[in-house]
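In this chain, residues are counted from 1 in sequence order. Since we're looking at a predicted model, the values are computed, not measured. Basis for what follows: all heavy atoms, side chains included, without hydrogens, waters or symmetry-related copies.
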Amino acid sequence: IILDMDTGGTAEHFAYNVRTLERIGVSAVIIEDKTGAKRNSLFGTEVAQTQDTIPNFSEKIAAGKAAQRTEEFMIIARIESLILEKGLDDALERAEGYVAAGADGIMIHSRAKSPDEVIAFCDAFRAKHPNVPIVAVPSSYNTITEAELAAHGVRIVIYANQLTRAAFPAMESAARSILTHHRAREIDSTLLPIKDIIRLIEVV
């Protein structure tokens, strides 16, 4: 399990939560270097979003690393520089600071339609840090394959919203059919049997 923890809260809260998450079996946590109320990154500069300073965010990472009890738990630092159009140099400077603070991995985020800026970041970062995992989330730059990302040093690929986006049209279609026919028979062939859903949850 990799948990998306948004900003991670204050350094004190983050340290406490790291211990809790580690204890219940979470493998890694991703925290992003923004501040304030959560705003979806794909809005970019369309909404007010503030990036934390390198020293503040590094302090949070260090507090989390100091709190953990096992070597296996990972803290992954998510960099929003490309989202906020601050450029490659800013992203790389932040990556250096976060790794120095103890980050076990770096997630680079982008809302560009092309993967070029992500690839440029990966190549530059990988040249200095061959063993630090890079995480990519190809939501907008969805033409690139996992193999191509791996060739540039990416070790984890997250498909952040595709399943949710696929589910909503299916639910809307089912709801419209029920409203039209005043029954559910017409959509039976498109539905997963309830027994199959129940079997997804293993009974111990």
Smallest separation among heavy atoms of [X] and [Y], with atom names:
X	Y	result
Ala77	Ala103	CB-CB, 4.1 Å
Ala101	Ser58	CB-O, 3.4 Å
Ala184	Ile178	CA-CG1, 4.2 Å
Pro138	Ile144	CB-CG2, 4.3 Å
Ala160	Gln162	N-OE1, 3.4 Å

Just by distance, do the side chain of [X] and the backbone of [Y] share a donor-acceptor pair under 3.5 Å?
X	Y	result
His13	Gly9	no
Arg126	Val132	yes
Ser173	Pro169	no
Asp4	Asp6	yes
Glu22	Arg69	yes

Inset, instruction - Scan for ring-ring contact (aromatic ring centres under 6.0 Å, His included) pairs involving residues 54-103, sequence neighbours excluded, and state none if there are none. - result: Phe57-Tyr98

What distance separates [X] [atom1] from [Y] [atom2], expressed to the nearest 0.5 Å?
X	Y	atom1	atom2	answer
Ile76	Glu32	CD1	CD	13.5 Å
Glu186	Thr180	CD	OG1	9.0 Å
Asp33	Ile61	CG	CD1	8.5 Å
Asp90	Glu85	CG	CD	12.5 Å
Ile30	Met5	CD1	CE	12.5 Å
Leu82	Ile108	CG	CD1	4.0 Å

Taking a hydrophobic cluster as the set of Ile, Leu, Val, Met, Phe, Trp and Tyr residues connected by side-chain heavy atoms closer than 4.5 Å, whether directly or through intermediates, do [X] and [Y] fall within one such cluster?
X	Y	answer
Val26	Tyr16	no
Ile75	Phe125	yes
Phe14	Ile24	yes
Tyr159	Val118	yes
Ile79	Val157	yes

Legend entry - Asp188 and Arg185 ion-paired at < 4.0 Å: no

Legend entry - Sidechain N-carboxylate O distance under 4.0 Å for Lys65, Asp104: yes

Inset, instruction - Carefully, step by step, assess Lys86 and Arg94 under the rule side-chain contact (heavy atoms from CB on, under 4.5 Å). - result: CA-CA 11 Å; Lys86 291 187 176 181; Arg94 287 174 175 276; 4.2 Å; yes

Inset, instruction - Before giving the answer on side-chain contact (heavy atoms from CB on, under 4.5 Å), spell out for Leu200 and Asp196 the whole-Å C-alpha distance, their side-chain angles and the decisive distance to 0.1 Å. - result: CA-CA 7 Å; Leu200 290 175; Asp196 289 353; over 6 Å; no

Legend entry - Thr7 side chain near Lys60 side chain, heavy-atom distance below 4.5 Å: yes

Legend entry - Contact check, side chains of Ile134 and Leu149, non-hydrogen atoms, under 4.5 Å: no

Flag if over 12 foreign heavy atoms under 6.0 Å of [atom1], [X]:
X	atom1	answer
Ile197	CD1	yes
Arg183	CZ	yes
Leu163	CG	no

Between [X] and [Y], a side-chain donor and acceptor under 3.5 Å:
X	Y	value
His129	Glu96	yes
Ser81	Gln51	yes
Ser110	Glu117	yes

Inset, instruction - Assess whether side-chain contact (heavy atoms from CB on, under 4.5 Å) is satisfied between Val135 and Ile106, documenting all intermediate values. - result: CA-CA 6 Å; Val135 182; Ile106 295 293; over 6 Å; no

Inset, instruction - Please name all residues satisfying salt bridge (Lys or Arg N to Asp or Glu O under 4.0 Å) with Glu12, sequence neighbours left out, ordered by chain then number. - result: none

Inset, instruction - Check the pair Val29, Met74 against side-chain contact (heavy atoms from CB on, under 4.5 Å), reporting the backbone distance first and the verdict last. - result: CA-CA 6 Å; Val29 63; Met74 296 179 68; over 6 Å; no

